[in-house]
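Down below is the structure, laid out as structure tokens.
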Amino acid sequence: MTVLGVLCAVRGAPEEDVVMSLEGAGPGVEVTRRCADLTELLAAAGAGLGRIAVVSGDLPGLDREAVALLSSCGVTVLAVVDPGRPWEREKVQALGVPTVVDLVAPDPDGTVREPGGTGADVVTAVRRLLETVGGAPGRLEGAGTTTARVDATAPTPSDPGELPGDGQMVVVWGPTGAPGRTTLAVNLAAELAALAGPTVLVDADTYGGTVAQLVGLLDEAPGLAAAARAAGSGVLDVATLLRLAPVLSPGLRVLSGISRADRWTELPASALEVVWELLRVATPWTVVDTGFCLERDEVLSYDTRAPSRNAATLSALEAADVLVVVGGADPIGIHRLVRALDEVGGLSPGARRVVVANRVRAGTAGPRPGPAIRQALERYAGVTDVVLVPDDTAAVDDAVLSGRLLRESAPTSSARHAIELLAADLVETRTCPGAAGASAAAPGAHPRPRGRQSRA
Ligand SMILES: Nc1ncnc2c1ncn2[C@@H]1O[C@H](COP(=O)(O)OP(=O)(O)OP(=O)(O)O)[C@@H](O)[C@H]1O
Ligand SMILES: [Mg+2]
């Protein structure tokens, strides 16, 4: 018979009741570790000691990342909460805990206060979980009449999974060599805000995010890190998210990025997934500036799940509805762009792909740079619709110097005009999905299903 290991990290008086009930549950279920804290629980899960973790809803440190870590170890979490503290249930549900059980400590004389659950209710919930986690423990005993609510289906304000968010995520990515990701993201967001309504510009570049500097928000605390922190603790909602994103110009808000590269650990994928989904609810358009690096080397370097250096970029790519891949329009930039298109392929399933060659100029691409770049990209990357953004040093430099958007500081500039056309194309293609735009769908693209995407 398969023995189902249960890891127990329950705090205080109810712990003994839970453990005793599970130990009396019958063959097939075994409490394999009584953990003093989250660290011990994660270590036991990483060592493969259990398939189910029974945890207190108020276990210190329990957040989305911890739940995701347990899940990545094949451990399903069951949280026990005090029914006298309803916010505790809401919190653990918002962290993505699938099963929540009310639990009250027995009085010293052995009776249970009403209303409340007992260790027996935990056993009932564990037995239900067995059906989904695939254990074969046989019949469990000790599952008496339950007063517990064993469900986690009600959506909460910070669990956007069931909310009807249909905002578009436009993710701007490009290879190393500063091809103009930030310039494009900032000005594309500005044009979208002017053409199509509320837009949030997000800086998710964890190597050298410069969105705040570029738009003149120098003293801004990193809004994205604060949003990720709130999402990680299960308390992020649309109102909070918008509060963290100050208004830059009519219709345009900015969620600024981390100011120092060594703060990248503040942006874990488990929290950002919630941020992306809430942005879909909060605003019709989101434009995300990302870092250049796509490596997942931690998978090779550690035999346990390690924090992912490029989680912000990778999770944004995964959530994208439109992926804008930008490369420099010089021989080296085009070479990198061709390789980058190969590298990024498949990381944004379902996204429409737009390829941009930035800083197009005669000096580096021959007397007729446009046709030369189109020809090279078609030949080496099979890209038939490339968006060309001219090199417009005077206008772009002036915008950077004054901390303004191109549409404000140089509305007639050629770079602004090209970005405005791209924005119009994105809006038109969204409104009329059949419209032929300036770009092509990624090979194998399929419509993105609404709601949170599950991760493998
Ligand atoms: N179309 C353009 N015309 C002229 N200059 C441009 C244009 N696009 C970008 N630049 C300039 O190129 C430089 C790099 O641009 P940007 O910072 O947007 O690149 P990036 O890809 O975000 O770089 P990083 O890797 O540092 O994040 C900046 O000095 C910017 O002003
Ligand atoms: Mg940048």
Side-chain angles (χ1 to χ4, degrees), residues 170-191 201-218 222 224 254-261 263-264 267 287-295 309-310 312-313 316-317 323-330 332-337 339-341 343-344 354-365 369-370 373 386-423:
V170 180
V171 176
V172 180
W173 177 80
T176 187
R181 290 183 305 272
T182 308
T183 304
L184 191 63
V186 166
N187 289 291
L188 185 59
E191 300 300 339
L201 168 65
V202 184
D203 188 347
D205 182 349
T206 54
Y207 286 89
T210 52
V211 167
Q213 289 94 316
L214 221 55
V215 298
L217 287 175
L218 286 175
L224 184 60
V254 179
L255 208 49
S256 55
I258 51 174
S259 45
R260 290 182 1 215
R263 292 182 65 180
W264 62 268
L267 300 176
V287 177
V288 187
D289 180 22
T290 58
F292 66 95
C293 191
L294 303 177
E295 282 172 13
R309 177 66 184 87
N310 301 311
T313 296
L317 286 171
L323 167 62
V324 178
V325 184
V326 54
D330 54 275
I332 298 201
I334 294 295
H335 181 73
R336 284 181 170 148
L337 180 56
R339 285 220 309 257
L341 286 167
E343 214 185 333
V344 80
V354 178
V355 179
V356 176
N358 186 31
R359 307 197 70 171
V360 176
R361 56 203 186 276
T364 54
I373 289 164
V386 57
V387 176
L388 304 176
V389 177
D391 183 73
D392 199 342
T393 307
V396 174
D397 281 357
D398 183 54
V400 174
L401 201 62
S402 57
R404 289 191 296 165
L405 306 160
L406 277 175
R407 68 187 313 277
E408 296 168 346
S409 66
T412 57
S413 70
S414 55
R416 187 257 158 151
H417 183 60
I419 296 170
E420 187 187 24
L421 284 180
L422 172 58

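Both counts, for ligands and for their atoms, begin at 1 and track the order of listing.
- Residue D397 has no nitrogen or oxygen atom sitting less than 3.5 Å from a nitrogen or oxygen atom of ligand 1, judged on distance alone.
- Screening T290, T176, N310 for a side chain to side chain donor-acceptor pair (under 3.5 Å) with Y207, the sole residue that qualifies is N310.
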Working note: V324 + V171, criterion side-chain contact (heavy atoms from CB on, under 4.5 Å); need CA distance, chi angles, decisive distance, verdict. CA-CA 6 Å; V324 178; V171 176; over 6 Å; no
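- For atom 31 (O) of ligand 1, the nearest non-hydrogen atom of the protein is V396 CG1, 3.2 Å.
- Note: D205 CG to C293 SG = 10.5 Å, rounded to the nearest 0.5 Å.
- For the pair P179 and ligand 1, a heavy-atom separation below 4.0 Å is found.
- The CZ atom of R181 sits 10.0 Å away from atom OG1 of T183, with the distance rounded to the nearest 0.5 Å.
- Distances shorter than 4.0 angstrom occur between a heavy atom of D205 and an atom of ligand 1.
- Using a 4.0 Å cut-off between a side-chain N of Lys or Arg and a carboxylate O of Asp or Glu, R407 and E191 qualify as a salt bridge.
- Nearest non-hydrogen protein atom to atom 20 (P) of ligand 1 is R181 N, 3.5 Å.
- Cation-pi geometry between R336 and F292 is not met: the NZ or CZ atom fails to fall both under 6.0 Å from the ring centre and inside 45° of the normal.
- Here the heavy atom of the protein found nearest to atom 3 (N) of ligand 1 is D392 N, 2.9 Å.
- Inclusion of T183 in the first shell of the Mg ion (ligand 2) is not supported: no N, O or S atom falls under 2.8 Å.
- At the shortest separation from atom 14 (C) of ligand 1 among protein heavy atoms lies A178 O, 3.7 Å.
- How far CG of D391 is from CG of N358: 8.0 Å, rounded to the nearest 0.5 Å.
- For atom 13 (C) of ligand 1, the closest non-hydrogen atom of the protein is R359 NH1, 4.2 Å.
- The structure places CG of L267 at 9.5 Å from CG of D203, a figure rounded to the nearest 0.5 Å.
- At a heavy-atom distance under 4.0 Å, atoms from both the backbone and the side chain of D391 approach ligand 1.
- Around atom CZ of R339, no more than 12 heavy atoms belonging to other residues, nucleotides or ligands sit under 6.0 Å away.
- Inside a 4.0 Å radius of atom 11 (C) of ligand 1 there is at least one protein heavy atom.
- For the ligand labelled ligand 1, residue P390 lies inside the 4.0 Å heavy-atom shell.
- Those atoms of ligand 1 with a heavy atom of N358 less than 4.0 angstrom away are 1 (N), 2 (C), 7 (C), 8 (N), 9 (C).
- For ligand 1, the polar-atom distance check against T183 finds a nitrogen or oxygen pair separated by under 3.5 Å.
- In this structure, the separation between CG on D392 and CZ on R416 is 12.0 Å, given to the nearest 0.5 Å.
- Close approach of ligand 1 to T393 is summarised as follows: ligand atoms under 4.0 Å from at least one heavy atom of the residue are 4 (C).
- Across the listed options A185, G180, G177, G180 owns the non-hydrogen atom lying nearest to atom 19 (O) of ligand 1.
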Take V211 and S256 through the side-chain contact (heavy atoms from CB on, under 4.5 Å) test and state the conclusion after the steps. CA-CA 7 Å; V211 167; S256 55; over 6 Å; no
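- With hydrogens left out, the protein atom closest to atom 22 (O) of ligand 1 is T182 OG1, 2.7 Å, a heavy atom.
- For the atom pair CG (D289) and CG (L224), the distance works out to 11.0 Å, reported to the nearest 0.5 Å.
- In this structure, atom 29 (O) of ligand 1 has no protein heavy-atom contact shorter than 4.0 Å.
- Between T210 and ligand 1, no pair of N/O atoms sits closer than 3.5 Å.
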